[in-house]
There are 4 protein chains.
Amino acid sequence: MSANTGGSKRSRKLNPAKRLAILKSAEKIFSRKGFHEATVSDIAKAANVSEATIYEYFSSKEELLFSIPAEIVREYQEKIVEILKYVKGAANKLRTLIYLHISLYANNEDYANVVMLILKGNRNFLKTEEYKVVQGSAQNTIQVFQEGIDNGEFKPDMQPYLVRAMIWGTIEHLVTRKSLLGKPEDLFSMADEMIDTLFQGILVNRGETPVNVKLTVENR
Amino acid sequence: MSANTGGSKRSRKLNPAKRLAILKSAEKIFSRKGFHEATVSDIAKAANVSEATIYEYFSSKEELLFSIPAEIVREYQEKIVEILKYVKGAANKLRTLIYLHISLYANNEDYANVVMLILKGNRNFLKTEEYKVVQGSAQNTIQVFQEGIDNGEFKPDMQPYLVRAMIWGTIEHLVTRKSLLGKPEDLFSMADEMIDTLFQGILVNRGETPVNVKLTVENR
Amino acid sequence: MSANTGGSKRSRKLNPAKRLAILKSAEKIFSRKGFHEATVSDIAKAANVSEATIYEYFSSKEELLFSIPAEIVREYQEKIVEILKYVKGAANKLRTLIYLHISLYANNEDYANVVMLILKGNRNFLKTEEYKVVQGSAQNTIQVFQEGIDNGEFKPDMQPYLVRAMIWGTIEHLVTRKSLLGKPEDLFSMADEMIDTLFQGILVNRGETPVNVKLTVENR
Amino acid sequence: MSANTGGSKRSRKLNPAKRLAILKSAEKIFSRKGFHEATVSDIAKAANVSEATIYEYFSSKEELLFSIPAEIVREYQEKIVEILKYVKGAANKLRTLIYLHISLYANNEDYANVVMLILKGNRNFLKTEEYKVVQGSAQNTIQVFQEGIDNGEFKPDMQPYLVRAMIWGTIEHLVTRKSLLGKPEDLFSMADEMIDTLFQGILVNRGETPVNVKLTVENR
DNA sequence: AATGAATGAGAGTTCATTCAT
DNA sequence: AATGAATGAACTCTCATTCAT
């Protein structure tokens, strides 16, 4: 409601552990009840602090919500940078990114719920500093894909933006369904097939492609 | 024993045109403000009826929200069935489905917002009869894909569920971004490339899959 | 809310049977739910008419409530006059009145509920023409008691008003308890003991009222 | 695990003086307007607190209503126990009880209105803990009367339940009339006559009764 | 005479947020 | 740094009542 982005008015050091406890409680409560259905009182109870204390650390309920991804995405981003160092080839890097992206959600169910069911539909979140972090992490996919085009691994006439949409869209779709319906029990098991499909397509190659070219050179 | 026998309380048809006007107004208001931020009073004003009248037609604000997709999805589903009759080949049918699915959102911006930003994250919606309709329309993709497997157009070792996830996920991702950021100005322009990618994959064929290439050199 | 006592604006003949049906339905519904908890719609449903029709016969929900006793009290009053003709002695008449009063409630449970739980606490009812009828029927007790004083059956130094309070109060107390708790299963069984107590008191006569002591001294 | 453990929601004592102020205001407003006609806003205004504050102390308007008698009845009950210690004889005790009961209402007009016009007709009140207190205080009458039977002061063949009905019924009748019509200006003035009547009955003793005492004194 | 449909007018209740301590 | 207590501000929903047909 106010433009108070980036921490509560008097963001003295306070107690970082308590701040984290509040964030984790908020994540849990929001995850279960949704944003409007969750009350600040619920969160305060879960964090074993008073409601007023929450306002010491966060300027509003919404800011509290928006603060949830920051930490986790930052860690995730660092992890990616670290790991990508050791992976060679754009295709392999892309595969790695997809695995990591999935694991981010698979290992943090409450976080997945908050992102998929609440934040994804929230217009205000887009104006947030926090969103930039999330957004930034999306650049990985695009960069890696571009790298793949440059070195000839990927088809050169593709828009990286679309490829990212396909990858993220598919993952988000699956994660959302898991959040809502519990359906794909194991997100990872879908990863490989998804990657294969993305790499190879779904069409059967019927010799129109080079594959079937039978080259017979007969002497004389 | 004569008058008020049978029938669900009061939700008779009443004036269907007015009902539709309320639904359309709700769609517009929800689309712009979100569910909790929109008030019944807003909707009433937009529909030129009193708040009480809204409750004559819908038993609660949430029921009003949930009633939005029914009509539109029903029409859409009929259209699909009709059109699919004239399309031959699973690949073509799939392409058609994707176009139609995109056009559903592209032509109904408010509806797209309501679905992508509000309904998709709403757990209660899943328990709804209305949801079943939406769900049902998702079966098309799976059926058509299965058909393609059966007749040899598509790779036989794929899970239709995953393919649907990729198609819908991508579309939803793009539509959501358009809802939030206005970004892909033209959703259709992405359709073809998306379909190509889905069909062919993103990898350059370097003859490594040339497995299939049979090169026979016979010496003299 | 308005001073619209005594029938709806256009009290054309309408259909007296329908009027009665509405009244009886109102009695039943009010009895079960209480005044504010009962809705005009409830009553309309029970009477198999539309809500609007109720307003043809009664100008408001409250007027409908207030119209309930009139009929029944009128009949009751006539019955009393008729029966009292054949009863001799004030004590017997009083006994008769008490029986009749109890039977009025015992035989009309819904009516009893409406009177005891709703009307008795309603200040507006006092301003009503209908109330006068009820009030009038209360005069019986006072008259009969006065008659008993005049002819020496009852103690001459009593205020009839108080006696009526005792009789009516006791009956109302018992009827109310039956309405709320179902407790005195059979109201009639209490009648006789109540009357005896009223007539004779609860004290054991220890000869301190020695008036009655006949002292016979026989010589030798 | 430290702060908000245990305890019923939020209904801690808070500020007991404020709680009492709200209760007294509620008593006054309910007394004048009745339950449904009184608004929480009315009460808040009268108590100089916000409406929300009322809900800090009481969970609903109805709970507020039901909380009114508790305090006053508790005090009253203690008073009775205290005073009864010094009164000898069941008849005197009964007389004392009646006086006290009347004085409870006579000295608390608003309270009398609330009890007689609102609570007495409220079915939900019966399910209340508060009702038990009221109910408990009713036991006094029955106990004292039984005591009187045991020690020969009262007729042994009477049902205490009925006697209580007569006493309470009469008092309630008178108090209710005073609430509604202001009629018996002075409730106390009726007390004595009522007690006399209860004790001695209304019939003129024509010597037919103790009559039976035959005292024969023979000379020598 | 009867009613389907519409609504004005509120009322109770909830909660995020504040502030004195 | 922490919070108990207080409240302003809304919002959903209900219902008695009306009126054109």
Side-chain angles (χ1 to χ4, degrees), chain A residues 1-2 9-10 12-15 18-19 36-44 48-64, chain B residues 2-4 10 12-15 18 36-44 48-62 64, chain C residues 1-2 8 10 12-15 18-19 36-44 48-64, chain D residues 2-4 10 12-15 18 36-44 48-62 64:
Chain A
M1 199 159 270
S2 63
K9 262 162 290 184
R10 339 174 242 155
R12 294 163 270 173
K13 284 273 178 41
L14 296 166
N15 180 346
K18 190 168 282 192
R19 190 187 124 94
H36 278 99
E37 291 67 28
T39 69
V40 175
S41 162
D42 288 337
I43 296 167
N48 275 118
V49 298
S50 75
E51 298 170 49
T53 296
I54 289 183
Y55 284 87
E56 289 287 315
Y57 289 83
F58 303 93
S59 67
S60 73
K61 187 187 176 190
E62 202 174 45
E63 200 218 281
L64 174 55
Chain B
S2 65
N4 291 46
R10 266 187 180 229
R12 288 156 281 170
K13 278 284 174 40
L14 298 171
N15 181 346
K18 190 168 282 190
H36 279 99
E37 291 67 27
T39 70
V40 175
S41 163
D42 290 337
I43 296 167
N48 271 115
V49 297
S50 75
E51 294 176 47
T53 296
I54 289 184
Y55 284 89
E56 285 284 311
Y57 287 83
F58 303 93
S59 66
S60 72
K61 188 187 175 190
E62 202 175 43
L64 174 54
Chain C
M1 200 157 272
S2 63
S8 86
R10 341 174 240 158
R12 295 163 269 175
K13 282 272 180 39
L14 297 166
N15 180 346
K18 191 167 280 189
R19 193 187 123 94
H36 278 98
E37 292 66 28
T39 68
V40 175
S41 161
D42 289 336
I43 296 167
N48 274 119
V49 298
S50 76
E51 298 169 49
T53 296
I54 289 183
Y55 284 86
E56 289 287 315
Y57 288 83
F58 303 93
S59 67
S60 74
K61 188 187 175 188
E62 202 175 45
E63 201 218 280
L64 173 55
Chain D
S2 64
N4 291 47
R10 264 191 183 224
R12 287 156 281 171
K13 278 285 173 36
L14 298 169
N15 181 345
K18 190 167 283 190
H36 279 99
E37 292 66 27
T39 70
V40 174
S41 164
D42 289 337
I43 296 168
N48 270 116
V49 297
S50 75
E51 294 176 48
T53 296
I54 289 184
Y55 284 89
E56 285 285 311
Y57 287 83
F58 303 94
S59 66
S60 72
K61 189 188 176 188
E62 201 175 45
L64 174 54

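Just so it is clear: chains get the letters A, B, ... in the order the sequence lines come, proteins before strands, and each one is counted from 1.
- When side chains are defined from C-beta on, B/E56 does not count as touching B/K18, because their heavy atoms never get closer than 4.5 Å.
- Of the candidate nucleotides F/dT7, F/dA2, E/dG12, E/dG12 has the atom lying nearest to any side-chain atom of D/T39.
- For the pair C/N15 CG and E/dA2 P, the interatomic distance rounds to 6 Å; values are reported in whole Å.
- Residue C/N48 holds its CG atom at 11.0 Å from OG1 of C/T53, rounded to the nearest 0.5 Å.
- Checking E/dA16, E/dT3, E/dA6 against every side-chain atom of A/V40, the shortest atom distance belongs to E/dA16.
- Listed nucleotides F/dT17, F/dT18, E/dC19 differ in distance to C/A52; the shortest reach to its side chain belongs to F/dT18.
- Residue D/L64 contributes atom CG, which lies 16 Å from atom P of E/dA11 at whole-angstrom precision.
- Each of D/E51 and C/A38 has a nearest nucleotide on DNA chain F; the 5'-most of these lies closest to D/E51.
- When the C1' atom of E/dC15 is taken as reference, atom CD of A/E62 falls 15 Å away, rounded to whole Å.
- What separates CD of B/E56 from P of F/dT14 is a distance of 11 Å, to the nearest Å.
- Atom-to-atom distance recorded for D/I43:CD1 and D/E51:CD is 9.5 Å, nearest 0.5 angstrom.
- In this structure, D/T53 does not reach the F/dA6 phosphate: none of its side-chain N or O atoms is under 4.0 Å from OP1 or OP2.
- The shortest side-chain heavy-atom distance between B/L64 and B/Y57 does not fall under the 4.5 Å cut-off.
- Each of B/H36 and C/H36 was matched to the nucleotide of DNA chain F holding its nearest heavy atom; the match closer to the 5' end belongs to B/H36.
- Taking 4.0 angstrom as the limit, A/Y57 places a side-chain polar atom (N or O) nearer than this to OP1 or OP2 of F/dA2.
- Both D/Y55 and A/K61 lie close to DNA chain E; mapped to their nearest nucleotides by heavy-atom distance, the more 5′-ward contact belongs to D/Y55.
- Residue contacts for B/S60: at a heavy-atom cut-off of 4.0 Å it reaches the sugar-phosphate backbone alone, with no base atom in range.
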Point to revise | Full working for side-chain contact (heavy atoms from CB on, under 4.5 Å) between D/Y55 and D/V40 | key: CA-CA 9 Å; D/Y55 284 89; D/V40 174; 3.6 Å; yes
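- Rounded to whole Å, atom P of F/dC11 lies 8 Å from atom CG of B/D42.
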Point to revise | Intra- and interstrand pairs of DNA chain F - dot-bracket, Watson-Crick/G-U under 3.5 Å, | marks other strand | key: .||||||||||||||||||||
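- Smallest separation of non-hydrogen atoms from B/A44 and B/S50: CB-C, 3.9 Å.
- The residue among A/E37 and C/K18 whose nearest nucleotide of DNA chain E is located toward the 5' end is C/K18.
- In this structure, the separation between NZ on C/K61 and OG1 on C/T39 is 7.0 Å, given to the nearest 0.5 Å.
- Regarding B/I54, its CD1 atom lies at a distance of 12 Å from the C1' atom of F/dC13, rounded to whole Å.
- Rounding to whole angstrom units, CG of residue D/L14 and P of F/dA6 are separated by 6 Å.
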